[in-house]
There are 2 protein chains.
Amino acid sequence: MLSAIMEDYLKAIYSLQNETDGRVRTSVLAEYIDVEQSTVTSMMKKLSERDFVQYEPYKGVELTDTGVPIALEIIRHHRLLERYLTDHLEYDWAEVHDEADRLEHHISSKFADRIAEQLGQPAVDPHGDPIPTADLDVSGAKDGERLADHQVGDSVQIVRVPDTDPDLLRYLSKHGIHPGTVVDVVEIAPFGMVTLDPDNGDGPVALPEEVARSISTQSLTQSSH
Amino acid sequence: MLSAIMEDYLKAIYSLQNETDGRVRTSVLAEYIDVEQSTVTSMMKKLSERDFVQYEPYKGVELTDTGVPIALEIIRHHRLLERYLTDHLEYDWAEVHDEADRLEHHISSKFADRIAEQLGQPAVDPHGDPIPTADLDVSGAKDGERLADHQVGDSVQIVRVPDTDPDLLRYLSKHGIHPGTVVDVVEIAPFGMVTLDPDNGDGPVALPEEVARSISTQSLTQSSH
DNA sequence: GAAAAGAATTAGACATGGCTAAATTTATAA
DNA sequence: TTATAAATTTAGCCATGTCTAATTCTTTTC
């Protein structure tokens with residue numbers, strides 16, 4: 001029906017669309033998937049011919065109503081697999097991404113539904129990313145504030161961390177930071193460094209501001225902006 | 001490293017080599033994989049260039065010492081997945097083959113080892129086919145007598161059934177025949193029909209001789225030949 | 001608002017894994 | 001043993017997904 005590569009493009013467009021709100025530009029997609037822009041252009045032609053995307057030359061691309069559920073299905077597969085690998089097969093959360101990225105294209109919906117059942121229909125994956133339901137509902141996926149948005153003194157709960165950088169994940173894990181961890185923001189240095197104090201007694205953790213911007217949080221005190 | 005398609009060729013050569021003992025002919029491989037002979041020829045050139053097979057034009061092909069472990073690894077993946085799908089994800093044994101046939105190329109060795117651990121290092125898959133160990137040992141894989149070799153009156157235990165025909169598997173399952181089932185051979189009709197009486201009280205089951213030849217057995221009485 | 005810079009597309013090439021049709025080698029039979 | 005049949009390989013084409021280089025839009029900037 002659809003090649004694994006085409007599925008990857010649809011998944012990428014979906015993610016970028018949700019980040020940037022609106023049409024996704026060729027250059028952004030090329031960077032994200034790590035191919036040349038010309039490769040993206042020719043793929044967009046194929047995908048729009050088959051009505052998975054609405055593509056306007058020089059203007060960018062967005063998913064059609066046909067494309068969205070396909071992207072969501074792949075994302076569901078990916079996140080269920082990540083959950084399964086950590087919970088049932090004793091994988092470390094830093095190593096699940098690559099395995100899931102391959103398998104997501106090859107498991108059947110039945111396989112996905114069965115592991116969802118085994119896991120008790122989990123709502124999020126090990127990095128805190130919401131798992132679309134079997135009927136591809138993602139209404140619970142509000143993506144609010146970021147760690148970088150807070151002030152010194154705020155107490156916040158970690159909600160999501162990015163899943164693609166194993167080194168970062170190992171670092172966070174070593175310092176006891178996971179979705180659910182409550183941390184105090186103890187310092188925000190002017191040169192772009194945020195220091196946290198997790199409530200697990202492991203001592204303070206410093207993060208570059210760029211990383212702090214990629215971590216989603218939930219305020220526990222009122223001073224967030 | 002090696003494409004899923006190339007892996008399929010190596011797996012096919014391994015299986016055919018074990019059935020026919022010796023070089024595998026182009027035509028046989030083409031039939032097995034379901035491509036044209038010319039396609040096989042060109043693939044054999046590529047595989048022999050990379051030293052996975054020893055290929056002699058017009059004479060056939062066989063796996064090299066480099067090719068064998070790759071084939072065994074894929075077979076290990078396939079059979080572990082089949083076992084996993086039936087035992088842990090409630091698949092019917094008639095539907096595991098296709099899912100395993102896709103996934104076998106995409107799971108890592110780590111994934112395979114983890115599910116093997118979960119399953120308690122099983123020796124055979126749901127159809128009775130032996131699962132190579134993690135160090136690719138298949139010494140337990142003696143393939144002895146077939147159901148078609150027996151005489152009326154023999155009592156035999158089913159050891160392996162072919163895994164590729166879902167209809168046959170559903171039929172056997174419906175009549176309570178699995179690896180391990182003990183059956184009496186009650187009739188061998190001259191027009192090629194074998195009738196069995198399983199020890200589960202479900203009444204007699206008739207099988208075409210061709211099917212009976214594809215089922216491996218273990219004698220419980222002495223009259224087999 | 002014209003020129004320069006930046007983005008995006010087109011043109012043309014390559015590798016993979018298929019196919020059909022033609023040529024060649026091997027096997028079989030008269 | 002020679003002609004015919006069968007099996008196999010070669011030649012040449014196609015689709016997919018990628019690349020580089022050249023061209024054509026768009027957007028800035030002066």
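Labels below follow one simple rule: chain letters A, B, ... track the order of the sequence lines, proteins then strands, and each chain is numbered from 1. These numbers come from a predicted model, not from an experiment.
Considering only side-chain N and O atoms, B/R25 lies under 4.0 angstrom from the phosphate OP1 or OP2 of D/dT8. For the pair A/S27 and C/dA8, the criterion of a side-chain N or O lying under 4.0 Å from OP1 or OP2 is met. Proximity of B/T39 to the phosphate of C/dG18: no side-chain N or O atom is located under 4.0 Å from OP1 or OP2. Between A/Y9 and the phosphate of D/dT16, there is no side-chain N or O to OP1/OP2 separation shorter than 4.0 Å. Applying the 4.0 Å criterion to OP1 and OP2 of D/dC19, one finds that A/S38 has every side-chain N and O outside that range.
For residues 3-19 of chain A, the set of pairs meeting the salt bridge (Lys or Arg N to Asp or Glu O under 4.0 Å) definition, not counting sequence neighbours, comprises A/K11-A/D101, A/K11-A/E104.
Set against C/dA8, D/dT9, D/dT20, the side chain of A/E36 has D/dT20 as its closest nucleotide. Of all nucleotides listed (C/dT10, D/dT8, D/dT18), C/dT10 comes nearest to the side chain of A/K45.
Straight-line distance from the CG atom of B/L47 to the C1' atom of D/dT9: 16 Å, rounded to whole Å. In this structure, B/M43 places its CE atom 17 Å from C1' of D/dT8, rounding to the nearest Å. Here the C1' atom of nucleotide D/dT16 and the CG atom of A/D8 are 15 Å apart, to the nearest Å. D/dT9 atom P lies 11 Å from atom CG of B/L29, rounded to whole Å. As rounded to whole Å, 14 Å separates atom C1' of C/dT9 from atom CD of A/E56. Here the P atom of nucleotide C/dT9 and the OH atom of A/Y58 are 6 Å apart, to the nearest Å. The nearest whole Å value for the distance from the NZ atom in A/K46 to the P atom in C/dT10 is 13 Å. Per the geometry, NE2 belonging to A/H105 stands 12 Å off P belonging to D/dG17, to the nearest Å.
For A/S42 and D/dT18, a side-chain-to-base donor-acceptor distance below 3.5 Å is absent, hydrogens and geometry of angles not being considered. Applying the 3.5 Å distance criterion, the base of C/dT9 shares no donor-acceptor pair with the side chain of A/T26.
Between B/W93 and B/H127, the two ring planes are parallel [angle under 30°; tilted spans 30° to 60°].
Between A/Q37 and B/G60, it is B/G60 whose nearest contact on DNA chain D lies nearer the 5' terminus.
The two residues B/P122 and B/A116 come nearest to each other via the heavy atoms CD-O, 3.8 Å.
Here A/M6 lies in heavy-atom contact (under 4.0 Å) with sugar-phosphate atoms only.
Tested against B/H78, the residues B/H105, B/H106, B/H97 include a single ring pair (Phe, Tyr, Trp, His ring centres under 6.0 Å) partner, B/H97.
Using modelled atom types, no side-chain atom of A/E99 and backbone atom of B/F111 make a donor-acceptor pair closer than 3.5 Å.
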